[in-house]
Amino acid sequence: MTGATEPDGAASAAPPPPAPALPVKPVWPPRSPQSAPPRPTPVDLPAVAPPEPSPALAGPVAGATAPPVAPPTAPDLPRPSVPSDNEVPYLSTELETELGSIRVRLVGVAAGRGAPAYAWLGPDEAAPPAALPLVLGHRGPWRLHVDLGRAPDVLTLVGDTDDCRHTAALFARRLRAAGIGVATVGGVLGAQAPDGCRPLPGLPAAPAPGADPSPPYVVFTPGLAGTELAGARRLATESGGRCVPVVIGPVPAGRWSVQVAPGEDGSTRAGTAD
């Protein structure tokens, strides 16, 4: 009797040995070891300032004061030029007065009387010597100073009669303020004649040859024509510029003339001005 039973063949069989490892197949050409991918280079970005608040929405900041802003200034007007001694004596310009704008034209000068015929003067500049000094008006900061004694004959104020009368009265007051004698013919200035003005019935006669010269003065007269206008021109030349007529109203413009413009609305000038 055998007495023992043999185990099942599957259970009693020993496990098979492991399979041998396969040899590593070489790679040709050999691979180089891979390197790590390059890292990005950091770039410094400019700082972004926060948006400024709108002036309309921003409130006042305590303790903050805005810098003062200077008002815009007008460009300086250079001194206008006048003809030199070797140039034709001709000046034409527009001026401003207390009564409005005027157009001045000065053609020629009386020779042999020494003093300059006209000059542009600044606010603080003294006037040059003159027999009959008069400021006709200003252009910016420059005032046009003329010597009526250098006029070739008469000075004409051309335009509406009332406009010319107001401008003539302005010139008469300036002459009187400078100590110059003023005379009027036929009440040409009316109630606007300045104090110390001498009324005359007509133009004075030219001085006789060899007579003592009278003090310089200006005589204002209404419009003249024909022989009367010719007599006024002789008075200016034969007196050596010591008596110069100013002819106003609708008259032809003389070599020295002032064109008086009406008001902007077409009305005549009114009132008086110093």
Is a donor on one side and an acceptor on the other found under 3.5 Å between the side chain of [X] and the backbone of [Y]?
{"X": "Arg174", "Y": "Val135", "result": "yes"}
{"X": "Ser101", "Y": "Thr97", "result": "no"}
{"X": "Arg143", "Y": "Gly122", "result": "yes"}
{"X": "Glu87", "Y": "Ser84", "result": "yes"}
{"X": "Thr156", "Y": "Val158", "result": "no"}
{"X": "Thr237", "Y": "Arg234", "result": "yes"}
{"X": "Arg105", "Y": "Leu91", "result": "no"}
{"X": "Ser239", "Y": "Cys243", "result": "yes"}
{"X": "Trp142", "Y": "Ala119", "result": "no"}
{"X": "Trp256", "Y": "Val104", "result": "no"}

How close do [X] and [Y] get, heavy atom to heavy atom, and via which atoms?
{"X": "Leu95", "Y": "Trp120", "result": "CD2-CH2, 3.5 Å"}
{"X": "Ile180", "Y": "Pro216", "result": "CG2-O, 4.2 Å"}
{"X": "Ala183", "Y": "Leu200", "result": "CB-CD1, 3.6 Å"}
{"X": "Arg79", "Y": "Leu121", "result": "NH1-CA, 4.1 Å"}
{"X": "Leu175", "Y": "Pro133", "result": "CD2-O, 3.2 Å"}
{"X": "Gln259", "Y": "Gly159", "result": "NE2-CA, 4.2 Å"}

Let's go through Glu238 and Leu235 carefully: what are the C-alpha distance in whole Å and the side-chain angles of both, what is the deciding distance for side-chain contact (heavy atoms from CB on, under 4.5 Å) to 0.1 Å, and is it a yes or a no?
CA-CA 5 Å; Glu238 293 178 6; Leu235 175 61; over 6 Å; no
For a side-chain contact (heavy atoms from CB on, under 4.5 Å) check, start with the C-alpha distance between Asp160 and Val260, then their side-chain angles and the critical distance, and finish with the verdict.
CA-CA 8 Å; Asp160 178 84; Val260 181; over 6 Å; no
Review item, side-chain donor-acceptor pairs of residues 217-228, under 3.5 Å, at least two apart:
none

List the residues meeting salt bridge (Lys or Arg N to Asp or Glu O under 4.0 Å) with Arg233, not counting sequence neighbours, and say none if there are none.
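Once residues adjacent in sequence are excluded, Arg233 has no partner under the salt bridge (Lys or Arg N to Asp or Glu O under 4.0 Å) criterion.
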4.5 Å side-chain heavy-atom contact, Val246 and Phe171
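They are not in contact (no side-chain heavy atoms under 4.5 Å apart), so the answer is no.
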Quick one: do Thr167 and Leu99 satisfy side-chain contact (heavy atoms from CB on, under 4.5 Å)? Show the steps, please.
CA-CA 7 Å; Thr167 302; Leu99 300 176; 4.2 Å; yes
Answer yes if [X] and [Y] sit in the same cluster of Ile, Leu, Val, Met, Phe, Trp and Tyr residues linked by side chain heavy atoms under 4.5 Å apart, and no otherwise.
{"X": "Val188", "Y": "Leu229", "answer": "no"}
{"X": "Val182", "Y": "Val244", "answer": "yes"}
{"X": "Leu157", "Y": "Leu203", "answer": "no"}
{"X": "Val258", "Y": "Val247", "answer": "no"}
{"X": "Leu155", "Y": "Val251", "answer": "no"}

Lys/Arg-Asp/Glu bridge criterion (N-O < 4.0 Å) met for Arg150, Asp147
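No salt bridge links Arg150 with Asp147.
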Could you note down all residue pairs passing salt bridge (Lys or Arg N to Asp or Glu O under 4.0 Å) where residues 88-97 supplies at least one of them, sequence neighbours left out?
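Checked against salt bridge (Lys or Arg N to Asp or Glu O under 4.0 Å) - neighbours excluded - the pairs reaching residues 88-97 are Glu94-Arg103.
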Side chain to side chain contact (heavy atoms under 4.5 Å, CB included) partner of Arg255, the single match among Asp153, Val109, Val154, Leu106
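Between Arg255 and the candidates, side chain to side chain contact (heavy atoms under 4.5 Å, CB included) is satisfied uniquely by Asp153.
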